[in-house]
Amino acid sequence: MPIILTKLIDYLYRKREVLASRFGKESREDLKQIIGHLSQLRSEIQTNKPLGTIEVDSEDRVLWKQFLSAAAVEYETVTWFDSPWLLVECYMYRKIREAFEGSIFFKNFDPWSEQKENALEAALGTVKLTSDHLGKLNQSIEPKGEKKLFCEFLELSLWANRHDLSISAGELQKHHSDPVAKLVELRQNLVVDHTDLVWDHFNKTSRGTVAIILDNCGLELASDLILADYLIQTRMAESVHFYVKSMPWFISDVMKTDFYRTLDIIVACPELSLLGERWKGYIGNSWFIHENRFFTLPCDYSAMQNVDPELYATLSNYAAVILKGDLNYRKLVGDLQWDYIVDFDQALRGFRPTSLIVLRTLKAEVVVGLAKGMAEKSLAVNEDWLISGKFGVIQFCPKQP
Ligand SMILES: O=P(O)(O)OC[C@@]1(O)O[C@H](CO)[C@@H](O)[C@@H]1O
Ligand SMILES: [Mn+2]
């Protein structure tokens with residue numbers, strides 16, 4: 001976390017002239033203040049100070065206050081090293097946002113927007129190969145071909161989660177040239193594989209509306225959009241509702257502006273422009289984008305019914321909710337120290353709005369629903385199997401009857 005802050009401070013310092021010409025020379029002082037706040041935050045982390053509060057007047061301030069007070073009751077000291085990781089990590093990103101939110105010129109500034117854009121640019125070749133694969137839908141496909149393609153798009157969306165920018169502290173990662181060719185090899189790294197159950201679910205339920213709770217920009221968002229396009233084209237879903245973050249989050253997480261910028265970049269790429277135009281045509285017709293502050297709160301999904309009953313009710317109306325990524329997974333299972341073989345539905349602790357489909361590469365030390373022996377087998381292959389992002393799950397939890 002201090003590395004992430006240091007890189008952010010360096011970035012703002014390096015960009016100070018560009019930013020001054022963009023926001024006017026009066027903004028220089030403002031930027032200095034922001035850098036000051038970020039440096040103070042870094043020093044508070046490094047010296048294990050108690051967490052403070054969210055001071056800026058904002059929609060979620062009261063909720064944050066409640067979460068921090070509840071933590072103070074539950075734990076003796078709420079300091080950076082001695083409190084739950086989920087809480088302090090979310091708090092850091094919320095404090096970063098506060099530094100900009102409380103400024104004069106940079107209220108809506110996203111300090112990671114350039115990095116997110118670069119990540120997509122670097123992945124365009126891979127996006128092209130993946131989208132060519134989508135083109136196979138329109139060719140005559142052999143029996144069972146449709147299921148094969150569906151499973152591949154699920155897997156492509158899953159493995160694209162390896163490349164988030166928070167695990168690499170903002171460094172760009174290399175992409176494999178042909179992601180489809182790599183799938184066979186990667187299949188060995190699936191510690192839970194419910195693809196058949198997911199396929200059956202889509203075929204049993206009538207054509208409904210599907211939600212995707214998005215995670216990262218770049219190759220991951222593009223792969224999610226390809227999966228969503230597949231669902232629309234095959235009429236497996238009537239519409240797809242995307243949920244995005246309402247503020248810059250964990251460096252690479254998708255916000256509304258990133259979503260639209262992604263479409264613009266895809267349209268501007270000569271080899272992908274047709275695909276991008278089709279996607280733009282879906283917006284407002286069969287694709288819908290929603291922002292919700294719940295996704296940037298430090299609480300886990302089991303709290304949704306209390307914290308945001310309206311969102312829970314909305315999710316209950318979808319035929320399925322696809323949740324992307326490591327942070328969503330940690331929030332689903334409460335980031336708790338579960339036994340690996342505990343049932344997924346038990347770890348969800350009551351969060352059962354509808355059928356859930358989870359696509360997540362393992363970057364944090366929590367995973368449930370494993371068959372006996374799978375944890376030991378994975379450990380023998382790779383001692384970092386829980387945190388390297390090399391292993392993944394396609395996990396399904398059906399709606400309660
Ligand atoms: O939610 P994502 O984008 O998949 O991964 C984000 C994340 O899980 O990766 C890091 C390493 O565990 C954490 O800092 C963070 O929670
Ligand atoms: Mn993320």
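One-based numbering along the sequence shown. First listed ligand is number 1; within each ligand, the first listed atom is number 1.
Under a 4.0 Å heavy-atom criterion, E220 is not in contact with ligand 1. Ligand 1 is approached by W85 to a heavy-atom distance shorter than 4.0 Å.
Near F250, with a cut-off below 4.0 Å to any heavy atom, the atoms of ligand 1 are 15 (C), 16 (O). Using a 4.0 Å cut-off to heavy atoms of N161, the atoms of ligand 1 that qualify are 4 (O). Of all atoms in ligand 1, listed by their number and element, those nearer than 4.0 Å to a heavy atom of R330 are 8 (O), 13 (C), 15 (C), 16 (O). For ligand 1, the atoms closer than 4.0 angstrom to any heavy atom of D326 are 1 (O), 2 (P), 4 (O), 5 (O), 7 (C), 8 (O), 12 (O).
Ring orientation note: the planes of F294 and Y301 are tilted relative to one another, at an angle of 30° to 60°. Relative ring orientation between W80 and Y91 is described as tilted, the plane-to-plane angle lying within the 30° to 60° band.
Within D253, the N/O/S atom positioned nearest the Mn ion (ligand 2) carries the name OD1. Restricting D215 to its N/O/S atoms, the shortest distance to the Mn ion (ligand 2) is reached by OD1.
With a 4.0 Å cut-off on non-hydrogen atoms, D215 touches ligand 1 through its side chain and not its backbone. Residue contacts with ligand 1 for L327 involve both N, CA, C or O and side-chain atoms from C-beta outward (heavy atoms, distance under 4.0 Å).
One finds no salt bridge joining D308 and R293 here, because no Lys/Arg side-chain nitrogen approaches an Asp/Glu carboxylate oxygen to under 4.0 Å. With salt bridges taken as basic N to acidic carboxylate O contacts below 4.0 Å, none links E89 and R94. Salt-bridge annotation for E17 and R28: present, with a side-chain N of the basic residue lying under 4.0 Å from a carboxylate O of the acidic one.
Considering backbone and side-chain atoms together, E89 places an N or O closer than 3.5 Å to an N or O of ligand 1. Among the atoms of G325, none of the N or O lies under 3.5 angstrom from an N or O of ligand 1. Among the atoms of K363, some N or O lies under 3.5 angstrom from an N or O of ligand 1.
Applying the ring pair (Phe, Tyr, Trp, His ring centres under 6.0 Å) test between W112 and each of Y11, Y93, F250, W249 identifies Y93 as the sole match.
When distances to the Mn ion (ligand 2) are checked against a cut-off of 2.8 Å, N216 contributes an N, O or S atom below that limit.
Aromatic pair Y318/H241: centroids less than 6.0 angstrom apart. The aromatic ring centroids of W287 and Y260 lie 6.0 Å or more from each other. Annotation: Y312 is in aromatic contact with F351 [ring centroid separation under 6.0 Å].
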